[in-house]
2 protein chains.
Amino acid sequence: MTQNEIVHTLSQTYSPLSAECRKELMDKMTILSLPKHTCLVLEGQYSDKTFYLIDGCARAYYLKDGKDISDWFAFENEFISSIISFFTDTPSPHYIELLEDSTLVALSKDTIDGLSNQYHDFERLIRVVVTQTMLRQRERISSILFHTASQRYAHILTRYPNITRRIPLTHIASYLGITLETLSRIRNPKS
Amino acid sequence: MTQNEIVHTLSQTYSPLSAECRKELMDKMTILSLPKHTCLVLEGQYSDKTFYLIDGCARAYYLKDGKDISDWFAFENEFISSIISFFTDTPSPHYIELLEDSTLVALSKDTIDGLSNQYHDFERLIRVVVTQTMLRQRERISSILFHTASQRYAHILTRYPNITRRIPLTHIASYLGITLETLSRIRNPKS
DNA sequence: CCTGTCATTTGATCCAGATCAAATTCAGCT
DNA sequence: AGCTGAATTTGATCTGGATCAAATGACAGG
């Protein structure tokens, strides 16, 4: 995928960008191809970058009392960042790692702020991305409060039908807020 | 509070607005003073309004299998809306009601979209509001996943120290994702 | 100051999912 | 193929908070 194609997809997926803005964005963005298991962000770091996945997938996770708890997955054409660090300029509570060999764009906060100041278009695109993220968080809250473990698992499967082929069950379980063992029992409801 | 003061506060709290934009916003906004228990939004309605509280407080809630579950509280200088309906143009799963006699500003989606198109400033203000909302949702997720019922109660008290004087315990309990009885036991840890 | 309604507390029991522990299956490597 | 550590399954037990039920408290209106 060329830079040009990336920017077009972005502009079409989220919110249209003027030719001028697209051009400047192309100049400012870095495209990276990195192997599986690469860590993009470590806990405790100040992370002022947002990543946009072209190909592959990634997750954000915490180490909470030594336990690895996934907080967010991103696939092709989705964004991922240590949102807390990115938006509040505090050290990241998250790690972010690639779950497959991936190609992605890294955008620094300076770049995003600069383009947002300069181009109303770009500010809108960011607003759209943040709004979608917010709605996804909301859905997760009601999922946790109102649905049982197995309903939540069923639900994530409808959203990402082949997630189990790309992401280990441990990570799916912790994302759903349940243990590995419970997820396993949900998947094999015999005995 | 005059219209002028309201717009100034808004501009200072969230993101600065140009004089021109402030003026147009003043023309477009409706100020309402309504008694306690007024319903601003009903379940099933298409709600294309966002409310900004000048004085008083409100909550958004679901009726889930006949049970009343609070999903959001807003106090002075905060926004509340049926976010799902507002952002996705679908019928609202929420009710919104006033918990005290309140003064508030109602802004329609048309107004917000119009001002966002016309003024980069205003688009930014909305982006800031949405970002804060998103971060507050995130905090709620980690609160539910990582903290016990009594930690969550302690936490909401630090954020809104006198919430118990303004909001009935039932609503606080359901917001925290616990029952009324559990909250009561948390508050009276004797016997 | 009494009464009905709503809010809160207290008590007894129950259950989804956690925890701890062990067995099995799988995948990458030589 | 065979080896090794990681991923997943299976089993037994435990627990925070839910649920059901009843008692008490607070307070607005007559």
Side-chain angles (χ1 to χ4, degrees), chain A residues 35-38 57 59 61-70 73 97-101 140-157 162-191, chain B residues 35-37 39 57 59 61-70 73 97-101 140-157 162-191:
Chain A
K36 191 170 171 167
H37 296 310
T38 303
C57 61
R59 69 174 181 124
Y61 65 102
Y62 303 91
L63 286 188
K64 192 80 185 172
D65 310 322
K67 272 177 295 186
D68 172 319
I69 302 193
S70 295
F73 300 121
E97 69 164 6
L98 298 179
L99 295 171
E100 297 174 354
D101 298 347
R140 198 164 163 216
I141 291 172
S142 56
S143 168
I144 296 170
L145 290 179
F146 301 140
H147 301 310
T148 63
S150 69
Q151 288 172 323
R152 277 180 265 163
Y153 178 62
H155 185 258
I156 205 176
L157 285 184
N162 52 7
I163 194 172
T164 55
R165 254 166 279 142
R166 301 181 71 180
I167 297 190
L169 294 182
T170 337
H171 300 155
I172 298 174
S174 66
Y175 177 77
L176 296 176
I178 60 180
T179 60
L180 188 54
E181 294 94 326
T182 299
L183 180 55
S184 174
R185 284 183 243 267
I186 285 166
R187 287 160 50 86
N188 304 23
K190 34 192 153 191
S191 74
Chain B
K36 191 169 172 170
H37 295 312
C39 244
C57 62
R59 69 174 182 126
Y61 65 102
Y62 303 91
L63 285 188
K64 192 79 185 173
D65 309 323
K67 273 178 293 189
D68 171 321
I69 302 192
S70 294
F73 299 122
E97 68 163 8
L98 299 180
L99 295 171
E100 297 174 354
D101 297 348
R140 196 165 165 215
I141 292 173
S142 55
S143 167
I144 296 169
L145 290 179
F146 300 141
H147 300 311
T148 62
S150 68
Q151 289 171 325
R152 275 179 266 161
Y153 178 62
H155 185 260
I156 204 174
L157 284 184
N162 53 7
I163 193 172
T164 54
R165 254 166 279 142
R166 299 182 71 180
I167 296 189
L169 294 182
T170 337
H171 301 152
I172 299 174
S174 66
Y175 177 77
L176 296 175
I178 62 179
T179 58
L180 187 55
E181 294 94 326
T182 299
L183 180 56
S184 174
R185 284 181 242 268
I186 285 167
R187 286 161 52 88
N188 304 25
K190 35 192 151 185
S191 78

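Heavy-atom basis, side chains included; hydrogens, waters and symmetry copies ignored. Letters A, B, ... mirror the listed sequences (proteins, then strands); counts begin at 1. All values derive from a computational prediction rather than experimental measurement.
- Across the protein-nucleic acid pair, B:Lys64 atom NZ and D:dA18 atom C1' stand 17 Å apart, rounded to whole Å.
- The minimum heavy-atom distance between B:Arg152 and B:Ser143, with the atom names listed, is CG-OG, 3.0 Å.
- Atom NZ of B:Lys67 is separated from atom NZ of B:Lys64 by 10.5 Å, given to the nearest 0.5 angstrom.
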Please write out each protein N/O paired with an N/O of nucleotides 19-22 of chain C under 3.5 Å, distance rounded to 0.1 Å.
unit_1	atom_1	unit_2	atom_2	d
C:dT19	O4	A:Arg185	NH2	3.3
C:dC20	N4	A:Glu181	OE2	3.1

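- In this structure, the separation between CG on A:Leu180 and CG on A:Asp68 is 11.0 Å, given to the nearest 0.5 Å.
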Are there any protein N/O atoms within less than 3.5 Å of an N/O atom in nucleotides 4-8 of chain C, and if so, which ones and at what distance?
unit_1	atom_1	unit_2	atom_2	d
C:dT8	OP2	B:Leu169	N	3.1

Side chains of residues 164-172 of chain B: which donor-acceptor pairs under 3.5 Å do they make with residues two or more places apart or in other chains?
unit_1	atom_1	unit_2	atom_2	d
B:Arg166	NE	B:Glu100	OE2	2.8
B:Arg166	NH1	B:Glu76	OE1	3.2
B:Arg166	NH2	B:Gly56	O	3.4
B:Arg166	NH2	B:Glu76	OE2	2.9
B:Arg166	NH2	B:Glu100	OE1	2.9
B:His171	NE2	B:Arg59	NH2	3.4

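- For B:Ile186 and D:dG17, the CD1 to P distance is 7 Å, given to the nearest whole Å.
- Taking NZ of B:Lys36 as the start and CG of B:Asp101 as the end, the distance is 7.5 Å to the nearest 0.5 Å.
- Scanning residues 145-156 of chain B for heavy-atom distances under 4.0 Å to DNA chain D yields B:Thr148, B:Ala149.
- Between the B:Ser174 side chain and the B:Ser70 main chain, a donor and an acceptor come within less than 3.5 Å of each other.
- The CD1 atom of A:Ile144 sits 4.0 Å away from atom CG of B:Leu145, with the distance rounded to the nearest 0.5 Å.
- Here the OG atom belonging to B:Ser150 is positioned 13.5 Å from the CZ atom belonging to B:Arg185, to the nearest 0.5 angstrom.
- One can place CD1 of B:Ile178 at 20 Å from P of D:dT15, the figure rounded to the nearest angstrom.
- Overall bending of the helix from C:dC1-D:dG30 to C:dT30-D:dA1, expressed as the angle between end axes built from five pairs apiece, is 40° (10° steps).
- To the nearest angstrom, P of D:dT19 lies 15 Å from CG of B:Leu183.
- Heavy-atom neighbours of B:His147 NE2 from other residues, nucleotides or ligands within 6.0 Å: above the threshold of 12.
- Taking the ring-ring contact (aromatic ring centres under 6.0 Å, His included) definition, one finds that B:Tyr62 meets it with A:Phe146, B:His94, sequence neighbours left out.
- Between B:Thr182 and B:Ala149, the closest heavy-atom pair is CG2-CB, 4.3 Å.
- The structure places CG of A:Leu176 at 8.5 Å from OH of A:Tyr153, a figure rounded to the nearest 0.5 Å.
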